[in-house]
A.B. asks: 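Below is the structure I would like to discuss, written out as structure tokens.
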Amino acid sequence: MEIFAKRLKELRLEKKLSLRKLATEFGLSHTTIEDYENNVCQPSMEMLLKISEYFGVTIGYLYGKEDY
């Protein structure tokens, strides 16, 4: 979903995190985060939950179903 890719990148940039730094936080490769941001693939539900908790947003927000 394109909205997820856009919002993930926005959240990462707001926190001034590099792809590598964010990937390290989740135990992923930087290319995986890059793939999420380029809408090449989607995270698992478990990873999605980790991402939402890390940034303090809901899964609904990440997928464009609700505002902040």
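Treat the numbers as computed from the prediction; the structure is a model and nothing was measured.
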A.B. asks: In Å and rounded to the nearest 0.5 Å, what is the CG to NZ distance from Leu62 to Lys6?
C.D. replies: 13.5 Å
A.B. asks: For residues 18-25, dump all side-chain donor-acceptor pairs below 3.5 Å to protein atoms at least two apart in sequence or in another chain.
C.D. replies:
residue: Ser18; atom: OG; partner: Arg20; partner atom: N; Å: 3.4
residue: Ser18; atom: OG; partner: Lys21; partner atom: N; Å: 2.9
residue: Arg20; atom: NH1; partner: His30; partner atom: ND1; Å: 3.2
residue: Lys21; atom: NZ; partner: Glu25; partner atom: OE2; Å: 3.0
residue: Thr24; atom: OG1; partner: Arg20; partner atom: O; Å: 2.9

A.B. asks: Could you report the tightest heavy-atom contact between Tyr63 and Pro43, atom names first, then the distance?
C.D. replies: OH-CD, 4.2 Å
A.B. asks: Under 3.5 Å, side-chain donor or acceptor atoms of residues 47-55 against the rest of the protein: list the pairs with distances, not counting sequence neighbours.
C.D. replies:
residue: Ser52; atom: OG; partner: Leu49; partner atom: O; Å: 2.9

A.B. asks: Do Phe4 and Asn39 have side chains that get closer than 4.5 Å, going by heavy atoms?
C.D. replies: no
A.B. asks: Filter on salt bridge (charged side-chain N to carboxylate O under 4.0 Å, His left out), then keep only pairs touching residues 31-41, sequence neighbours left out; what's left?
C.D. replies: Arg12-Glu37
A.B. asks: Do Leu11 and Tyr61 touch side chain to side chain, with heavy atoms closer than 4.5 Å?
C.D. replies: yes
A.B. asks: Once you round to the nearest 0.5 Å, how far does CG of Leu13 lie from NZ of Lys15?
C.D. replies: 13.0 Å
